[in-house]
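Here's the structure we're looking at; comments come further down.
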Amino acid sequence: MAPLPELKALSQWDHIHRSLQSEEMDDLLSVYPVHLQHCISDAGRFTSVLSICNYEHPEIWNLPDRVMCFVARLSGKHRTFLPNVEPGSNENNKETDVDGGPFYKTRGRVDIRKDKALWQAALSTLNPNPTDSCPLYLNCATVAALPSRVSRHNSPSAAHFVTRLVRTCLPPGTHRCILMVCERADVFASACALARAFPLFTHRSGAARRMEKKTVTVEFFLVGQDNGPVEVSTLQCLANATEGVRLAARIVDTPCNEMNTDTFLEEIKKVGKDLGIVPTIIRDEELQTKGFGGIYGVGKAALHPPALAVLSHTPEGATQTIAWVGKGIVYDTGGLSIKGKTTMPGMKRDCGGAAAILGAFRAAIKQGFKDNLHAVFCLAENAVGPRATRPDDIHLLYSGKTVEINNTDAEGRLVLADGVAYACKDLGADIILDMATLTGAQGIATGKYHAAVLTNSAEWEVACVTAGRKCGDLVHPLVYCPELHFSEFTSAVADMKNSVADRDNSPSSCAGLFIASHIGFDWPGVWVHLDIAAPVHAGERATGFGVALLLALFGRASEDPLLNLVSPLGCEANTQVEDMEQDSKRRRLV
């Protein structure tokens with residue numbers, strides 16, 4: 001990545017700019033990050049503009065001075081009047097094409113005062129239910145409204161609607177600009193939401209033939225009480241966070257004939273090389289030899305062998321050890337308890353937990369993580385073959401406990417059980433967080449947009465929910481009650497079974513408790529389980545869910561001020577009051 005430029009302000013404007021090169025085929029973008037540069041230098045190349053702003057702030061009604069500057073300097077076929085000169089001057093008698101040459105005198109044809117009136121009229125027409133939009137200037141610019149109000153279980157940034165509106169309302173063009181007006185507290189969530197709208201992976205044949213590169217420029221205008229200059233470190237934080245989101249989404253979108261366990265290990269090695277970390281890798285028969293019966297038993301039937309990989313960051317002065325454990329099932333057929341033809345498609349996404357941890361680990365270390373941080377990846381393909389695990393088999397897991405298999409399609413908890421036991425016994429973790437696309441029941445329990453959290457700490461349960469609201473990766477708690485639920489795994493011949501007896505008895509909670517049992521319910525550390533089965537994708541595209549959540553949740557362990565801002569841990573008591581004030585916002589605009 002090229003060095004960050006010197007940050008310059010235009011009057012009250014603070015620019016947070018992201019330039020992307022992309023190849024577009026219909027509504028899918030294959031976007032490749034290039035570098036950060038100052039947005040004013042690119043303003044003359046824009047072909048379309050989408051503005052995102054907060055309706056309540058009075059600055060919005062004066063926004064056209066800025067928006068029209070972009071619109072008036074569009075490239076391509078559009079020839080427009082430049083409004084960045086004083087009305088009434090001689091320059092107002094000239095119209096300029098994209099090469100800067102005058103061609104027709106158009107006195108009075110375009111006036112910035114009329115542009116402002118048009119802008120205000122567009123704002124007045126918006127009536128979001130839950131969203132609304134209004135195209136301007138022959139669809140060269142668009143203004144769209146986010147929901148008028150968000151509930152207490154939604155993010156004040158309305159991140160999901162930001163992504164949705166960008167996908168549907170961003171005008172076409174070669175060089176496009178997204179201009180977003182928001183408070184500083186919403187910058188992180190909004191940036192990650194915008195990144196989700198531009199996935200990296202595509203195998204559409206037209207993308208390979210397209211020669212012209214397309215760019216998308218993102219600019220933020222900060223309003224509210226804390227609207228001072230943006231530090232260069234904030235730009236770098238947003239760049240690393242959005243790259244992490246898109247890295248995770250690319251891995252999840254890639255099918256298993258390309259993203260097998262070998263390929264996933266290469267992705268881990270690339271991140272490790274970028275950070276100067278050599279991963280620890282345990283593979284194939286070595287897993288069985290060392291006692292990782294869960295990972296080995298799930299993946300032993302596949303062509304590409306299973307693996308446990310660990311990236312470790314151990315800085316001087318660290319005061320605690322944190323382990324992130326990710327489920328990396330690159331494909332889940334269900335094993336011998338095989339899935340049906342309607343439930344198996346999409347199981348390439350079963351590595352979403354490991355992908356999110358990889359993207360978050362990369363961003364967290366680049367932003368200066370002050371504590372010991374280990375990323376543990378439990379990689380396997382749950383395949384069908386002569387060596388596949390059978391129902392009734394009994395496996396010895398790394399925790400030393402035995403598990404009777406009564407459902408080979410409940411494989412994620414087996415690999416994660418080995419992962420958390422390794423984090424506890426070998427890494428000496430004080431905090432263990434596992435993230436997984438674990439149960440289909442999660443989507444029923446907490447829905448398509450909210451991940452499910454299960455934890456032995458009430459404080460961390462609240463922290464996860466708060467972090468989700470601040471970063472846009474929403475979270476809602478599950479019931480934590482092992483004394484009532486763990487009996488679902490009772491086995492007559494082993495320490496436990498791997499699937500519940502009663503599927504109507506909070507199966508998502510039970511699945512998480514199975515993982516916790518391998519470090520012990522009386523373990524004195526903090527254990528957090530995040531089930532992201534439903535929010536890991538939106539339709540047929542991955543969302544990169546989990547990256548922003550991890551960065552926000554552990555932001556207090558970072559040296560970055562923006563991550564400290566969105567972190568719920570270690571905050572003062574007035575945080576809840578600030579959140580309530582943000583909830584009172586009536587309308588935002590895109």
Side-chain angles (χ1 to χ4, degrees), residues 7 9-18 39 49-64 66-67 70 119 123 126 128 130-133 142-150 154-166 169-170 177-197 216-231 234-235 237-239 241-242 245 467-474 548 551-552 555 561-566 575 578-590:
L7 198 66
L10 180 63
S11 70
Q12 73 208 72
W13 290 82
D14 296 315
H15 304 294
I16 303 176
H17 173 245
R18 182 74 174 127
C39 65
V49 179
L50 174 64
S51 65
I52 306 176
C53 28
N54 181 341
Y55 187 83
E56 279 198 336
H57 291 285
E59 294 96 324
I60 300 308
W61 298 92
N62 296 318
L63 193 59
R66 180 61 173 157
V67 177
F70 282 125
W119 171 263
L123 295 184
L126 294 172
T131 61
D132 196 8
S133 63
T142 299
V143 57
L146 289 168
S148 304
R149 191 183 279 273
V150 295
N154 199 356
S155 170
S157 65
H160 285 86
F161 289 104
V162 171
T163 304
R164 188 180 303 176
L165 286 172
V166 169
C169 298
L170 183 62
C177 174
I178 299 173
L179 178 62
M180 182 155 188
V181 181
C182 65
E183 296 180 7
R184 186 180 293 268
D186 293 334
V187 166
F188 182 77
S190 300
C192 293
L194 292 170
R196 295 186 189 99
V216 176
T217 300
V218 176
E219 182 180 355
F220 283 77
F221 173 28
L222 302 186
V223 295
Q225 294 181 351
D226 187 11
N227 64 352
V230 175
E231 299 81 6
T234 299
L235 294 175
C237 178
L238 293 179
T242 54
V245 170
R469 294 182 66 246
K470 289 190 173 185
C471 73
D473 283 353
L474 299 171
L551 292 174
L562 181 61
L563 295 182
N564 275 261
L565 176 66
V566 297
T575 300
E578 292 174 358
D579 288 344
M580 291 176 63
E581 289 176 354
Q582 282 199 320
D583 278 351
S584 67
K585 294 176 182 176
R586 290 294 187 270
R587 182 179 295 179
R588 294 191 182 85
L589 305 172
V590 179

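FYI, side chains are in, hydrogens and waters are out, and symmetry mates aren't considered; it's all heavy atoms of this structure. Residue numbers start at 1 and run along the sequence shown.
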Exercise. Between Val218 and Met180, is a side chain to side chain contact (heavy atoms under 4.5 Å, CB included) present by the stated rule, with each step listed?
Worked result: CA-CA 8 Å; Val218 176; Met180 182 155 188; 5.7 Å; no
Seminar exercise, completed: Rounded to the nearest 0.5 angstrom, the CD-CD1 distance for Glu219 and Ile178 is 11.5 Å
For this session: Over all heavy atoms of both residues, which pair between Pro156 and Val150 is shortest? Give the atoms and the distance, please.
Result: CA-CG2, 4.0 Å
Problem set entry | Counterpart residues, side chain to side chain contact (heavy atoms under 4.5 Å, CB included), relative to Pro561 (two or more places apart) | Ser233
Problem set entry | Gap separating the CZ atom of Arg184 from the CD atom of Gln225, nearest 0.5 angstrom | 12.5 Å
Exercise. Once you round to the nearest 0.5 Å, how far does CG of Leu222 lie from OG1 of Thr234?
Worked result: 9.0 Å
For this session: Any chance you could measure Cys177, atom SG, to Leu170, atom CG, to the nearest 0.5 Å?
Result: 9.0 Å
For this session: Any chance you could lay out the side chain to side chain contact (heavy atoms under 4.5 Å, CB included) test for Val187 and Cys182, step after step, and finish with the verdict?
Result: CA-CA 7 Å; Val187 166; Cys182 65; 3.8 Å; yes
Exercise. Which heavy-atom pair separates Cys192 from Ala548 by the least distance, and what is that distance?
Worked result: SG-CB, 3.8 Å
Problem set entry | Validation row: Leu474, Ser155 side chains within 4.5 angstrom (heavy atoms) | yes
Problem set entry | Side chain to side chain, Cys471 and Val566, heavy atoms closer than 4.5 Å | no
For this session: Any chance you could measure Ser157, atom OG, to Glu183, atom CD, to the nearest 0.5 Å?
Result: 11.0 Å
Exercise. Considering residues at least two apart in sequence or located in another chain, which fulfil the side chain to side chain contact (heavy atoms under 4.5 Å, CB included) criterion with Thr131?
Worked result: Pro147, Phe161, Leu165
For this session: Give a yes or no on whether the backbone of Ala193 and the side-chain of Thr163 come within a donor-acceptor separation of less than 3.5 Å.
Result: yes
Exercise. When rounded to the nearest 0.5 angstrom, what distance separates CG in Leu238 from CZ in Phe220?
Worked result: 6.5 Å
